[in-house]
Amino acid sequence: MAKLTTSTGIQEHKVVSPSEWLATRKELLLKEKEFTHLRDELSRQRRELPWEKIEKRYVFDGPGGKQTLADLFDGRNQLIVYHFMFGPGWAEGCKSCSFEADHFNSFIVHLNARDVSMVAISRAPLDELQAFKKRMGWSFNWLSSYGNDFNSDYHVSFTKDELAKGKVYYNYNMEEFPSDEAPGLSVFYKDGTTGEIFHSYSTYGRGLDIFLGAYNFLDVVPKGRDEEGLPHTMAWVRHHDRYGATAGTPAAFVDASTLVSSRSSGEER
């Protein structure tokens with residue numbers, strides 16, 4: 001037996017001969033292939049969802065000035081919007097959303113090659129977003145929805161009155177929520193002939209997990225995500241410039257965004 005140290009303590013792990021290892025690995029491979037095929041089918045069904053036409057005209061504040069939702073397609077037909085948790089007056093963006101956003105710079109160029117544009121949108125004023133974006137070293141397009149209904153229409157921002165009622169509408173359900181901002185991702189399509197825009201998909205909560213590439217890598221190492229012994233899932237996550245900070249610093253502060261991730265990861269989508 002080999003000893004594996006995880007956040008929950010020392011665990012014994014079986015060690016076998018090369019032939020037995022290969023046999024058990026091939027058994028798991030069958031399940032992995034089944035999962036792959038099920039995921040392909042789920043993706044097909046997702047693409048076949050009906051669309052809803054966007055009738056409202058949204059105007060955002062961007063680095064180049066005012067931009068409409070149509071402008072964000074940047075000459076392409078498909079648009080992904082990441083709803084980044086960053087409310088007006090916040091000192092910094094959500095740690096979990098920042099973990100997600102750290103993946104954006106490297107792959108957006110590949111999305112562009114497949115007729116897809118991608119932006120982040122938050123309710124904080126543009127100058128607050130720009131300052132944090134500079135600190136993080138990000139280059140993706142990040143816009144402010146401050147002053148319009150976009151965040152509330154896509155159920156990622158909640159008013160004090162909504163929160164006071166005890167439950168808000170999030171992830172297609174009425175539930176208690178620890179923050180006035182929430183994470184999500186929405187997809188839109190723009191007809192190249194008519195210019196009409198359609199909403200094709202939105203996902204929230206643990207539905208965002210699949211977009212976290214680092215988690216997919218952690219899922220294949222012996223310790224996995226190793227979060228079972230933590231106060232909540234993603235409690236270990238820091239802004240990437242805060243790793244190595246000691247307890248008691250802002251990096252170790254448990255904010256509402258990590259509580260959102262904690263609860264979402266423990267529930268079904």
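The analysis underlying the following values was restricted to heavy atoms, covering all of them including side chains, and did not include hydrogens, waters or symmetry mates.
- Looking at residues two or more places apart in sequence or on another chain, you find a ring pair (Phe, Tyr, Trp, His ring centres under 6.0 Å) between Phe60 and Phe150.
- In this structure the side chain of Leu79 reaches within 4.5 angstrom of the side chain of Leu69, judged on heavy atoms.
- In the hydrophobic clustering of ILVMFWY residues, with side-chain heavy atoms under 4.5 Å counting as a link, Met118 and Phe211 come out together.
- Using a cut-off of 4.0 Å between Lys/Arg side-chain N and Asp/Glu carboxylate O, Arg44 and Glu48 are scored as salt-bridged.
- Using a 4.0 Å cut-off between charged side-chain N and carboxylate O, Lys167 and Glu162 make no salt bridge.
- Atoms NZ and CD1, on Lys56 and Ile197 in that order, are 14.0 Å from each other to the nearest 0.5 Å.
- For the residue pair Gly166 and Glu176, the shortest heavy atom distance occurs at O-CG, 3.2 Å.
- Distance alone, capped at 3.5 Å, places no donor-acceptor pair between the Asn171 side chain and the Asn173 backbone.
- A donor-acceptor pair under 3.5 Å is absent between the side-chain atoms of Asp149 and the main chain of Ser152, judged by distance alone.
- In this structure, CZ on Phe198 lies 6.0 Å from NZ on Lys53, to the nearest 0.5 angstrom.
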Derivation and outcome, side chain to side chain contact (heavy atoms under 4.5 Å, CB included), residues Ile121 and Val119 = CA-CA 7 Å; Ile121 293 178; Val119 301; 4.1 Å; yes
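- Side-chain contact, Ser106 with His103: no donor N or O sits under 3.5 Å from an acceptor N or O.
- If you chain together hydrophobic residues whose side chains sit under 4.5 Å apart, Tyr243 and Leu230 fall into the same group.
- The ring pair (Phe, Tyr, Trp, His ring centres under 6.0 Å) check on Trp236 picks up Phe99, with sequence neighbours excluded.
- Atom CZ of Arg25 has more than 12 heavy atoms from other residues, nucleotides or ligands within 6.0 Å.
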inquiry  = With side chain to side chain contact (heavy atoms under 4.5 Å, CB included) as the criterion, how do Gln78 and Ser117 come out once you've worked through the C-alpha distance, each side chain's angles and the decisive distance to 0.1 Å?
reply    = CA-CA 6 Å; Gln78 301 169 103; Ser117 292; over 6 Å; no
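- Note on Leu72: it does not cluster hydrophobically with Leu126, by side-chain heavy-atom contacts below 4.5 Å among ILVMFWY residues.
- When only modelled atom types and interatomic distance are considered, Asp71 and Thr68 share a side-chain donor-acceptor pair under 3.5 Å.
- For the ring pair (Phe, Tyr, Trp, His ring centres under 6.0 Å) condition, no pair includes a residue of residues 13-36, sequence neighbours left out.
- Counting only N and O atoms by type, the side chains of Glu181 and Ser157 include a donor and acceptor under 3.5 Å apart.
- At least one side-chain heavy atom of Met136 sits less than 4.5 Å from a side-chain heavy atom of Asp241.
- No salt bridge links Asp180 with Lys160; every basic N to acidic carboxylate O contact stays at or beyond 4.0 Å.
- Nearest heavy atom pair, residue Glu92 against residue Phe132, reads CB-CE1, 3.7 Å.
- The shortest distance between side-chain heavy atoms of Leu208 and Ser96 does not fall below 4.5 Å.
- Tyr169 has its ring centre no less than 6.0 Å from the ring centre of Phe158.
- Both tests hold for Arg46 against Tyr201: distance to the six-membered ring centre under 6.0 Å, angle to the ring axis within 45°.
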task = Apply salt bridge (charged side-chain N to carboxylate O under 4.0 Å, His left out) to Lys14 and Glu20, showing your working.
result = CA-CA 11 Å; Lys14 188 177 182 181; Glu20 186 175 351; 3.4 Å; yes
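- In this structure, Pro183 and His83 have side chains that are not in contact, with every pair of non-hydrogen atoms separated by 4.5 Å or more.
- Distance check, rounded to the nearest 0.5 Å: CG of Leu42 to CG of Leu38 gives 8.5 Å.
- Side-chain contact check for Tyr82 versus Phe140: every heavy-atom pair is 4.5 Å or farther apart.
- The shortest distance between side-chain heavy atoms of His239 and Asp102 does not fall below 4.5 Å.
- Closest approach of Asn141 to Pro63, counting heavy atoms only: OD1-CD, 3.8 Å.
- Atom CG in Leu129 sits 9.5 Å away from atom CG in Asp61 (nearest 0.5 Å).
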task = Walk me through it: do Tyr215 and Ile210 pass the test side chain to side chain contact (heavy atoms under 4.5 Å, CB included)?
result = CA-CA 8 Å; Tyr215 259 158; Ile210 194 171; over 6 Å; no
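- When every heavy atom of Trp138 is checked against every heavy atom of His240, the shortest pair comes out as NE1-CE1, 4.0 Å.
- Connection of Tyr58 to Phe188 is established within a shared hydrophobic cluster, with ILVMFWY side chains joined at heavy-atom distances below 4.5 Å, either directly or through further cluster members.
- A 4.5 Å side-chain heavy-atom check between Val116 and Ile80 finds at least one atom pair inside the cut-off.
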ask   = Where do Tyr189 and Trp51 land on the ring-ring contact (aromatic ring centres under 6.0 Å, His included) test, with the steps shown first?
value = CA-CA 9 Å; Tyr189 184 86; Trp51 296 352; 5.0 Å; yes
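- A salt bridge is absent between Lys190 and Glu196; no separation between the charged side-chain nitrogens and carboxylate oxygens falls under 4.0 Å.
- Atom CG of Asp226 is separated from atom CG of Leu4 by 8.0 Å, given to the nearest 0.5 angstrom.
- For Phe84 and Trp142, the ring centers are positioned less than 6.0 Å apart.
- Here the shortest heavy-atom pairing between Ala124 and Ser144 reads O-OG, 2.6 Å.
- Ion pairing between Asp209 and Arg225 holds under the 4.0 Å rule for side-chain N and carboxylate O.
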key: Test side chain to side chain contact (heavy atoms under 4.5 Å, CB included) applied to Lys26 and Leu30, step by step   = CA-CA 7 Å; Lys26 292 174 75 171; Leu30 294 177; over 6 Å; no
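- With a 4.5 Å cut-off on side-chain heavy atoms, Glu41 and His37 do not count as touching.
- Nearest heavy-atom pair across Ser145 and Asn151 is OG-OD1, 2.7 Å.
- Put simply, Ile108 and Leu185 are part of the same group of oily side chains (I, L, V, M, F, W, Y) that touch within less than 4.5 Å, one to the next.
- Under 4.0 Å is where a charged nitrogen must lie from a carboxylate oxygen, and between Glu34 and Arg39 no such pair does.
- Note that CD of Glu227 is 12.0 Å distant from OG1 of Thr6, once rounded to the nearest 0.5 Å.
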